[in-house]
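Since the structure is predicted, the reported quantities are computational estimates derived from the model, not experimental observations. Sequence positions, counted from 1, serve as the residue numbers for this chain.
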Amino acid sequence: MAVEAFKIKGGKKLKGILEVEGAKNAALPIFIATLIERGEYVLKNVPDLMDIRTLIKLLESLGLSIEKLDKNSYKIINNGLKSLEASYELVKKMRASFLVMGPMLAHCGRARVSLPGGCAIGARPVDLHLKGFEALGVEITIDHGYVEGKVSEGIKLKGNKIILDFPSVGATENIIMAAVKAEGVTIIENAAREPEIDDLCNFLNKMGAKIKGIGGGRLEITGVEKLFPCEYSIMTDRIVAGTFIIAAVMFDGNIKVKDVNTKDLESFLMKLSEMGVTYEIKDGIFEVTSKLKDLKGVKVTTMPHPGFPTDLQSPMMTLMCLVKGSSEIKETIFENRFMHVPELNRMGCDISTEGNMAVINGIENFSSAKVMASDLRAGASLILAALKAEGESVVNRIYHVDRGYEKLELRLKELGADIERIKEEV
């Protein structure tokens, strides 16, 4: 079978500016939220990604009309939903597709959605979503791989207090979107606090929703009869920003990063500072002022926001491979998120794992090799390693990377990287 791959001749000196695009994980739920209310929306700063294109197909299958205005802007017209079923063929490609359930329940009190697919980084069940919907008065049935939710004819969703067992991002978003038109007040305790949730809440409030407690672990949502379409600009992507900052550190500050919101990356930047990384921000440009050879190992534990983001764990591991001494990573969010470790070890790294712990011993440099991306962020970590390695590396299955980084190889070429997209037999 032939898959797309990046062929990278590493060891080149990279120099220039990488601009951070709109946040995929904010754009997806905000796109989906346009299902809640009829009317015409304009969304700006939307990243040009495969996941966005996949979602557009799903939303169009439900009855929305979507027009691309320019590279990063879309007009979305909701004239009412023509279908209340999100099929397996579309939902299996991306877990975020399951978020259509909350808005469909808010729009018309019914939804039938396939159980989701997505990256192979561990079990991510939807039980918290379903418990939240049930608390709002939704009757849930699961049959033949589909979840069906409905409220009785003539009865509205009812606000309630919901305590999440775990601060799940998806469950928090899905429950918020169902609750904005429910009767009365919904309280979500132990809500996820990721900045992308804040962006969704700000979008909904701009539409006329009444959401309080944004940015905290307790959200209070007072249901309203009607929302009103609006124009909105998506926040920048903190995970892309973090990946680009790691690249800047690995290339001694010759790469600069534009449009970094440091407030969204505090725990990540604290760990870099502990490592010995110094930086300054001038005219909106993030510039690393330290040298790679002066950095030392650190210990990192991934946590829900505002802790260290699991999505930056694998790129951070690539950086740890090149710093002096020993580093440790404890992964507490996903149980299968060390699948990039054997691939990095193929590139000459010294990484050992036991359970959810990884120990990384520093090396001089990576060796070029053929490797395979197991998920989106693992792909980014291997590309970073290949850019530093002497010789030619091939990173297979880069469709994962296309899901989260906009035209990455073209942007790296502008910095001087020798990278091309090829077909590779696997």
Side-chain angles (χ1 to χ4, degrees), residues 5-6 8 10-11 119-122 239 242-252 267-268 270-272 274-277 291-303 307-398 400-401 404-405 426:
F6 284 145
I8 300 168
C119 280
I121 53 174
I239 305 302
T243 307
F244 289 172
I245 287 168
I246 287 170
V249 174
M250 288 172 63
F251 285 89
D252 286 335
S267 58
F268 166 70
M270 278 172 59
K271 280 297 166 187
L272 288 187
E274 202 180 309
M275 227 180 207
V277 174
K291 299 297 178 193
L292 183 62
K293 67 179 176 59
D294 298 326
L295 306 185
K296 64 181 190 298
V298 294
K299 293 182 179 181
V300 165
T301 300
T302 65
M303 298 285 283
F308 191 96
T310 181
D311 279 353
L312 284 174
Q313 178 256 103
S314 38
M316 186 72 163
M317 188 181 286
T318 299
L319 172 59
M320 287 171 162
C321 290
L322 294 182
V323 303
K324 284 196 288 267
S326 177
S327 296
E328 288 181 14
I329 292 178
K330 184 178 182 182
E331 173 58 61
T332 73
I333 308 296
F334 294 122
E335 70 273 22
N336 279 355
R337 210 154 200 188
F338 285 149
M339 292 170 76
H340 52 288
V341 169
E343 304 303 297
L344 284 172
N345 282 342
R346 279 174 59 77
M347 300 185 77
C349 297
D350 180 1
I351 308 167
S352 58
T353 60
E354 188 170 334
N356 67 343
M357 290 287 298
V359 176
I360 304 103
N361 294 310
I363 57 170
E364 281 296 310
N365 195 10
F366 303 102
S367 306
S368 54
K370 274 193 181 183
V371 289
M372 185 172 71
S374 55
D375 64 72
L376 165 53
R377 309 305 171 186
S381 73
L382 296 172
I383 290 165
L384 289 171
L387 290 169
K388 283 292 283 187
E390 293 293 338
E392 185 177 290
S393 297
V394 174
V395 181
N396 280 313
R397 298 187 190 251
I398 55 160
H400 288 300
V401 178
Y405 295 87
V426 293

Can you find a heavy atom in the side chain of [X] that is under 4.5 Å from one in the side chain of [Y]?
X: P309; Y: I239; value: yes
X: I245; Y: F268; value: yes
X: F308; Y: M270; value: no
X: T318; Y: F366; value: yes

Once you round to the nearest 0.5 Å, how far does [atom1] of [X] lie from [atom2] of [Y]?
X: K271; Y: M316; atom1: NZ; atom2: CE; result: 8.0 Å
X: I383; Y: I398; atom1: CD1; atom2: CD1; result: 7.0 Å
X: L272; Y: L295; atom1: CG; atom2: CG; result: 8.5 Å
X: L344; Y: F338; atom1: CG; atom2: CZ; result: 11.5 Å
X: I246; Y: L312; atom1: CD1; atom2: CG; result: 5.5 Å

Minimum heavy-atom separation for [X] and [Y], please, with both atom names.
X: A386; Y: V395; answer: CB-CG2, 4.4 Å
X: V401; Y: A380; answer: CG2-N, 4.2 Å
X: V371; Y: M347; answer: CG1-CG, 3.8 Å
X: A358; Y: I351; answer: CB-CG2, 4.4 Å
X: L319; Y: M275; answer: CD2-SD, 3.7 Å
X: L292; Y: D252; answer: N-OD1, 2.7 Å

Under the side chain to side chain donor-acceptor pair (under 3.5 Å) test, which residues partner [X], sequence neighbours left out?
X: E343; value: none
X: K330; value: none
X: D294; value: none
X: T310; value: E331, R337

What residues form a side chain to side chain contact (heavy atoms under 4.5 Å, CB included) with A5, not counting sequence neighbours? V394, N396, I422, E424

Quick one: list whatever passes side chain to side chain contact (heavy atoms under 4.5 Å, CB included) with M303, sequence neighbours left out. T301, T332

Taking side chain to side chain donor-acceptor pair (under 3.5 Å) as the cut-off, I'd like each qualifying pair that reaches into residues 346-360, sequence neighbours left out, listed once. D350-N361

Residue pairs, two or more places apart or on separate chains, that pass side chain to side chain donor-acceptor pair (under 3.5 Å) and touch residues 377-394: R377-Y405

Assess whether atom NZ of K324 is packed by more than 12 heavy atoms of other residues, nucleotides or ligands within 6.0 Å. yes

When I360 is tested against each of V300, V323, I329 for side-chain contact (heavy atoms from CB on, under 4.5 Å), which residue passes? I329

Apply the side-chain contact (heavy atoms from CB on, under 4.5 Å) test between M320 and each candidate in S326, S327, C349; give the one that qualifies. S327

Donor-acceptor contact present, side-chain K291 to main-chain V249, <3.5 Å: no

Any donor-acceptor pair under 3.5 Å from K296 side chain to G325 backbone: no

